[in-house]
Amino acid sequence: MSKKAKAPQRLQLHVPEPKHRPGDAGNFDGLQIATPGAMPRPATDAPEASLREFPYGLIRVLDDSGKAVGEWTPALKVDVLLKGLRAMALTRAFDERMQRAQRQGKTSFYVKSTGEEAVSVAQAMALDPDDMLFPSYRQQGLLIARDWSILDMMCQLFSNSADRLKGRQLPVMYSVRDKNFFSISGNLGTQYPQAVGWAMASAIQGDTRIAASWIGDGTTAEADFHHALTFAAVYRAPVILNVVNNQWAISSFQGIAGGECATFAARAIGYGIPGLRVDGNDFLAVYAATQWAAERARHNHGPTLIELYTYRAAAHSTSDDPSAYRPGDEAEHWPLGDPIARLKQHLIALGKWSDEQHKALVAEVDAEVKKALREAEAIGTLGSTKADPATMFDDVFKELPVHLQRQRDELLGAMGA
Amino acid sequence: MSKKAKAPQRLQLHVPEPKHRPGDAGNFDGLQIATPGAMPRPATDAPEASLREFPYGLIRVLDDSGKAVGEWTPALKVDVLLKGLRAMALTRAFDERMQRAQRQGKTSFYVKSTGEEAVSVAQAMALDPDDMLFPSYRQQGLLIARDWSILDMMCQLFSNSADRLKGRQLPVMYSVRDKNFFSISGNLGTQYPQAVGWAMASAIQGDTRIAASWIGDGTTAEADFHHALTFAAVYRAPVILNVVNNQWAISSFQGIAGGECATFAARAIGYGIPGLRVDGNDFLAVYAATQWAAERARHNHGPTLIELYTYRAAAHSTSDDPSAYRPGDEAEHWPLGDPIARLKQHLIALGKWSDEQHKALVAEVDAEVKKALREAEAIGTLGSTKADPATMFDDVFKELPVHLQRQRDELLGAMGA
Amino acid sequence: MPTMNMIQALNSAMDVMMQRDDKVVIFGEDVGYFGGVFRATANLQKKYGKTRVFDTPIAEGGILGTAIGMGAYGLRPVVEVQFADYIYPAFDQLVSEAARLRHRSAGEFWAPLTVRSPCGGGIFGGQTHSQSPEGIFTHVCGLKTVMPSNPHDAKGLLIAAIEDDDPVIFFEPKRLYNGPFDGHHDRPLKSWAGHPSAEVPDGHYRIELGKASIVRPGQDVTVLCYGTMVHVCLAAAEESGVDAEVIDLRTLLPVDIDAIEASVRRTGRCVIVHEATRTGGYGAELSAIVQEHCFWHLQAPITRVTGWDTPYPHALEWEYFPGPARVVAALKSAMEAA
Amino acid sequence: MPTMNMIQALNSAMDVMMQRDDKVVIFGEDVGYFGGVFRATANLQKKYGKTRVFDTPIAEGGILGTAIGMGAYGLRPVVEVQFADYIYPAFDQLVSEAARLRHRSAGEFWAPLTVRSPCGGGIFGGQTHSQSPEGIFTHVCGLKTVMPSNPHDAKGLLIAAIEDDDPVIFFEPKRLYNGPFDGHHDRPLKSWAGHPSAEVPDGHYRIELGKASIVRPGQDVTVLCYGTMVHVCLAAAEESGVDAEVIDLRTLLPVDIDAIEASVRRTGRCVIVHEATRTGGYGAELSAIVQEHCFWHLQAPITRVTGWDTPYPHALEWEYFPGPARVVAALKSAMEAA
Ligand SMILES: Cc1ncc(C[n+]2csc(CCOP(=O)(O)OP(=O)(O)O)c2C)c(N)n1
Ligand SMILES: Cc1ncc(C[n+]2csc(CCOP(=O)(O)OP(=O)(O)O)c2C)c(N)n1
Ligand SMILES: [Mg+2]
Ligand SMILES: [Mg+2]
């Protein structure tokens, strides 16, 4: 036991720290970004053992000039691209107005998805409308891409009398069964194994619908992540498990979640499922990777983990001020650019779009948001109208048990008094 | 979206199933077993990225003739090997007698480690005595290799008046602070992040002691596994995380834990930590791999995950009958043999041991067990003597609060009456 | 009518439901090929196939998480948590998700699942195979909590639980699996054979959730209990000579307030018995309810007879277990108070 | 003496303890560089370094698991769970491990950790930023549970919790961080400035765990409360005209039984107030205790004023919150009963 010979070294704790903090200039020098078009596109039934390099690469389609290059280029008609562009622009306009609405006290809370619009919009479009979505709070783009009513979303945000969730949920915690959009939970990660369970059920019943779920980079550390991957792998569940790596979890950079040790896509390797790492600000790449994973799932080849590499350009939520923990201009230096600008550039490069058309689109979606906002405000904003308090006792159980009847009566008595 | 063209395929759930069930003959044909000596031994500061093939290999040192071959051969003196042999034989003798004691009602429960003795014994020996161990219920060999009193262990098993745990714990759930052996929990996996925390504390304090923990293949599915790996990776904790893959988790074969999707060592890749896969029935290989991981940890290169590939030759516990779910003779066909027989063969091949000496050793350790058993029985077996009931209220808190004082008085009153 | 022990009755309930409804699926650790460590799901995989009855990875949180997703899809998962002591890793999925899904989605989604889990001590299981954590779950709105005390109720309640559209935690007192147990651990083991509650119809029947059963009518003291303690209380009633009315609550949430009220108003005295630790246990809620609803009828303080506020100690389990002697003492002191 | 709000007082407690004892370490989500989403750990990383104050992965179970290991090593971890609603993923480590380690190892190992977690509603946090889960933890033997109601107590109790060798769950009513709150949500916000309990010594002092504080002496009804509800109850006492004795329990487990007994025996009436859901809440235990110890002194039923048995609803939070009107009604009805 020769190790005794040397004087033992003192141990020390390594605590990861981002390269730049407030006061520093935003800077991503040294970040290795793969060349667009460089990654091969394997067959969707390729065995996992042949895919173990993918988590360390980055699937990119759009190059710096806006050209789509390489094997991953999806065969998309221009109207699909235009629909995607519009949905992303609408999402952004919605986010802007709703953040303002929060500042004005019309709602208590809001979460923007600025810079991450390609993730939800391209993924929603690459899936079938009857595939089931288990989102986190930052995928409002899924609903918008599925053409859900933004008025309805606003009523939830304003907790007004038309709020389909009857004022029960924190703003942004939508639930839209009509669009196969699962009820969002405030507890991080819980939807991940639920999506796997839903997909298992679909397989048990010999159905054809698959499921998809989204969590953030920070949330990968939760138990639910491990449970979801384990169950999905063991039963080959037809599910797409997405990790939106937007570099931050409130004030913690992705290194605190282990992002400096390995990519999040690499987590998949240990479970024997394919892990794809994708330029999350590249609409085409996100679409193509999602389509690949969906096809794999639909043919009983099981789950895929997709890491969507992107950047949270705005604050975590309206309760947060990122200038306290990261350089104020960091977003501007993000090397993968802005997803809307990049798709716009691509369409212009294709000769199917122009700056003028884009300006008009931005004005149009903003007008759409404003119109819905006026309607929503007419119904009510936080506190001005709301669900009947007695409804609070409904849906705790399917039927109202005696003790809740009595409590409801107590409340109504107290309110009457 | 050409996928719509084809008729969608019906989904189906994959449920893993072992190749053989009761009624079949034990058979491991088709199991790929690596050649001894084939794996290279990297430097202990090798970067993780250079180690990603190790989880798919199998580190083996002893070949079929008992020769030690290859780079992983540890430089061990014969007396170390003999100590290992003795500790394994003592562990096995202890297990046999304690199982019999359970059958005779001297204790309520017992768990054997038959076939897995090399895991605990070699690992205990490769670590320093002041390294901290966070075991599961199947590593009694750790205590035996650290020369702990088997009489003391028996008193715990018999919950008698000398039981250091005062009759509080299920038999086998030892706790021996004197030997840096952490209190065993009945809840699977909980010790794993605790070991990481202990190691982090050691690093925070600039100490030199490292930690090690053990769980089974089945337990890798628990949340604690994921938490432990995540925290260990992020903070580069000086810890060795062992997975004892003995092929079974009660009645579930390792495929139910995901063992058919990837090796358990491969889980490490996704966290960016090295994963070694080791012939768990090869004393030398287990020793060498543990020594490698310990050296890595001691030099602040962080954690290692070690999968110890072995076979649970006996029942899960005295409450279990494996003939209900696996071929009765499966253990005999296990291709990696028996750890004691293999070390014995090695020592004989070295010319340092003989069949006669071995027979004498077996008789000697059995006599040692019998002697301790007589002493333990003289102190008491389950129910014949035990801790004073009033002590039940101690150690819930450091000091006895009023409500527990009152409850103790109530008990004493009831017992007096 | 066939005689069944509790395991057979539970197995029969699941068998009946699997047969009637192809949305019922069963999974958990060791429940598939092997049929469960207590054999409650024996033969079901053989009968209904691997995709409806299967083993899972050892991850209670994953079992519950996937069950919720399956429930949202439209299945009726019946999952086993091998011991109630191992339900804690699934706590977040149970409390934050299963219990709240219907409410937070305003009825759009729900989780009609049943969680079966053996609870209670008296089998030398030590602190992690003996707990009765029902008091934690009765505090969580949106969960129903059930604990049967005999084979007949076990089957009828389990069928009702599986058919229920809300999540139900179904605790099975493992000490009762093979026979009734009145706490006299030093006497010979009894089996269910010959016990009237062991006559269990083969087919489908339900026992409505939320309804208690008066297992011994009496005039002097109301005894509120459930699970194993029902048998202990019955024995104590006989041994004490007190004419106790023993109520087996069966469902803890929603609890049968009317039955409790009616009895205590009549007797004016109340003893509450459970095996779980005392402080903050379900007995506290029962005590509070009785006191709120029957204050003017009470002639003596309500007493709780419970496990102590310590982990369940292996070798000292009979000192921990609230056996008949302690219940007798409580009955007598309730009668003496004035 | 400096005036501190509750966040400053908590920060000061940690600062004092970090200074005194190099075994104290602080970690949790966002607590390091940023200083916590409520700023309770602001500046501590800067002052004591990254290896004593650091951010963690988002895994409450991992935070508690590692904290227990650190405790076993000999450190005193003070961990933050960002909201009490997110403590459930750590439930198994808390209940099966931290709470039982000392007992199961017969004193060989223990986990001297403090879990700080903001609880309670009134900030439009919706169902997952508003819960008060103390009633779940008071049922778990081996855990101490604390909830302060003002800056002075918060600092003294947190120091006592950190110095305590048992695991302590330290709930911080987030609605009180910046000012006292009596439930009149329609009135202007108050700050702690000028409040007598906001005078907080800079240095080290302890408030013994397990000791209640009589915040308003009175003759007619005993009001048992803690956290935000202390202020609501004080307001209600004034508004009702009832001469209520308001007891701030401060530590829920172990609870100050003597203080409770002495008061209720004197007043003969008792109202229990908490924000958590009613059924199986800590109020049930208080009710049971009072009834057991003071039965012969009670002149009216004990009443509970609590949150309803529903999730905490975002837009209806003031209908959910047990505000002064409901407490006033309970005080009056306690006085009218006879
Ligand atoms: C179980 C749980 N723990 C903590 C929180 C508090 N919390 C809300 S969002 C968040 C950060 C999540 O980061 P990430 O997963 O990266 O998602 P992002 O916000 O970047 O989209 C935290 C810690 C929570 N909601 N649930
Ligand atoms: C949290 C938890 N869930 C379930 C159990 C019941 N249980 C005890 S041992 C065991 C199997 C463990 O298998 P494995 O991890 O492979 O270890 P081995 O017994 O093979 O050494 C199970 C399911 C438990 N003790 N704790
Ligand atoms: Mg993020
Ligand atoms: Mg195993």
Side-chain angles (χ1 to χ4, degrees), chain B residues 12-18 21 108-109 158-160 163 165-171 173 185-190 216 218-225 249-253 256-258 319-320 324-325 382-383 386-387 389 391-396 403-404 407-408 410-411 413-415 417, chain C residues 25 27 29-37 39 42 45 49-63 82-83 85-86 88-90 92 123-130 277-279 305-320 322-323 325-326 328-329:
Chain B
Q12 56 196 50
L13 193 77
H14 170 75
V15 180
E17 185 64 20
R21 285 292 195 185
S108 61
F109 181 74
F158 295 170
S159 299
N160 63 21
D163 171 10
L165 304 185
K166 302 185 180 163
R168 292 176 191 163
Q169 273 277 44
L170 196 66
M173 302 289 174
S185 174
N187 290 54
L188 292 172
T190 48
T219 304
T220 58
E222 287 286 6
D224 294 307
F225 176 80
I250 309 185
S251 78
S252 300
F253 85 119
I256 291 292
S319 311
D320 176 51
Y325 52 80
L382 181 61
K386 65 183 175 191
T391 61
M392 187 199 311
F393 298 91
D394 298 338
D395 300 321
V396 176
H403 68 288
L404 284 180
Q407 291 186 14
R408 189 185 56 187
E410 225 186 292
L411 169 64
M415 287 175 58
Chain C
V25 292
F27 53 100
E29 296 157 18
D30 301 294
V31 307
Y33 183 89
F34 184 55
V37 295
R39 326 293 302 129
Q45 183 179 76
K50 272 200 312 176
T51 62
R52 290 188 62 204
V53 183
F54 52 89
D55 289 331
T56 61
I58 302 173
E60 294 75 14
I63 293 171
Q82 202 163 82
F83 286 86
D85 318 66
Y86 304 140
Y88 306 131
D92 190 44
I123 58 151
F124 280 108
Q127 61 177 275
T128 60
H129 300 88
S130 303
T277 54
R278 178 177 304 178
T279 301
V305 181
T306 68
W308 310 117
D309 285 354
T310 74
Y312 214 118
H314 174 254
L316 300 171
E317 76 174 358
W318 299 121
E319 284 79 13
Y320 180 93
R326 286 177 53 207
V328 166

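Residue numbers begin at 1 in each chain, while the letters A, B, ... track the order of the sequences. All values derive from a computational prediction rather than experimental measurement.
Contact count against chain B (heavy-atom pairs under 4.5 Å) is highest for C/Gly125 among C/Gly32, C/Gly125, C/Gly35. When each of B/Ser252, B/Gly189, B/Ser185 is scored by its heavy-atom pairs under 4.5 Å with chain C, the top score falls to B/Ser252. Chain C forms more heavy-atom pairs under 4.5 Å with one residue of B/Arg168, B/Met392, B/Lys166 than with any other, namely B/Met392. Counting heavy-atom pairs closer than 4.5 Å to chain C, the top-ranked of the candidates B/Met173, B/His403, B/Arg21 is B/Arg21. Contact count versus chain C (heavy atoms, under 4.5 Å) is highest, among B/Ala387, B/Gly218, B/Ala223, B/Gly258, for B/Gly218.
With rounding to the nearest 0.5 angstrom, the CG atom of C/Leu316 is 9.5 Å from the CZ atom of B/Phe393. The distance from the CZ atom of C/Arg326 to the CD atom of B/Glu410 is 6.0 Å, given to the nearest 0.5 Å. If you take CG on B/Leu404 and CZ on C/Arg278, they are separated by 10.5 Å, rounding to the nearest 0.5 Å. A distance of 12.0 Å separates CZ of C/Phe54 from NE2 of B/His14, quoted to the nearest 0.5 Å.
A donor atom on one side chain and an acceptor atom on the other are not found under 3.5 Å apart for C/Thr128 and B/Asn187.
Here the shortest heavy-atom pairing between B/Ala324 and C/Phe34 reads CB-CE1, 3.7 Å. For the residue pair B/Ala221 and C/Ala59, the shortest heavy atom distance occurs at O-CB, 3.3 Å.
For B/Leu13, the parts sitting under 4.5 Å from any heavy atom of chain C are the backbone and the side chain alike. Using a 4.5 Å cut-off between heavy atoms, B/Ile250 contacts chain C through both its backbone and its side chain. In this structure, chain B has a heavy atom under 4.5 Å from the backbone of C/Tyr312, while its side chain stays farther away. Of the two parts of B/Val15, the backbone and the side chain both hold a non-hydrogen atom closer than 4.5 Å to a non-hydrogen atom of chain C. In this structure, the portions of B/Ala249 lying under 4.5 Å from any heavy atom of chain C include both its backbone and its side chain. Contact of C/Thr56 with chain B is made through the backbone alone, with heavy-atom distances under 4.5 Å. In this structure, chain C has heavy atoms under 4.5 Å from both the backbone and the side chain of B/Leu411. Heavy-atom distances place both the backbone and the side chain of C/Asp55 under 4.5 Å from chain B.
A heavy-atom distance below 4.5 Å is found between the side chains of C/Phe124 and B/Leu382. Within the 4.5 Å cutoff, no side-chain heavy atoms of C/Gln127 are placed close to those of B/Leu170. Considering only heavy atoms from C-beta on, B/Glu222 comes within 4.5 Å of C/Pro89 through its side chain.
In terms of the side-chain hydrogen bond (donor to acceptor under 3.5 Å, both in side chains) criterion, residue partners of B/Ser108 (sequence neighbours excluded) are, by chain and number, C/His314. Applying the ring pair (Phe, Tyr, Trp, His ring centres under 6.0 Å) criterion to C/Tyr88, with sequence neighbours excluded, gives D/Phe91.
When each of C/Thr306, C/Asp309, C/Thr310 is tested with B/Gln407 by the rule side chain to side chain donor-acceptor pair (under 3.5 Å), just one qualifies, namely C/Asp309.
C/Tyr33 and B/Tyr325 have their aromatic ring centers separated by at least 6.0 angstrom.
C/Asp30 places a side-chain N or O within 3.5 Å of a backbone atom of B/Ser251 that can act as its donor or acceptor partner.
In summary, C/Glu317 and B/Lys386 do not engage in a salt bridge, as defined by a charged side-chain N under 4.0 Å from a carboxylate O.
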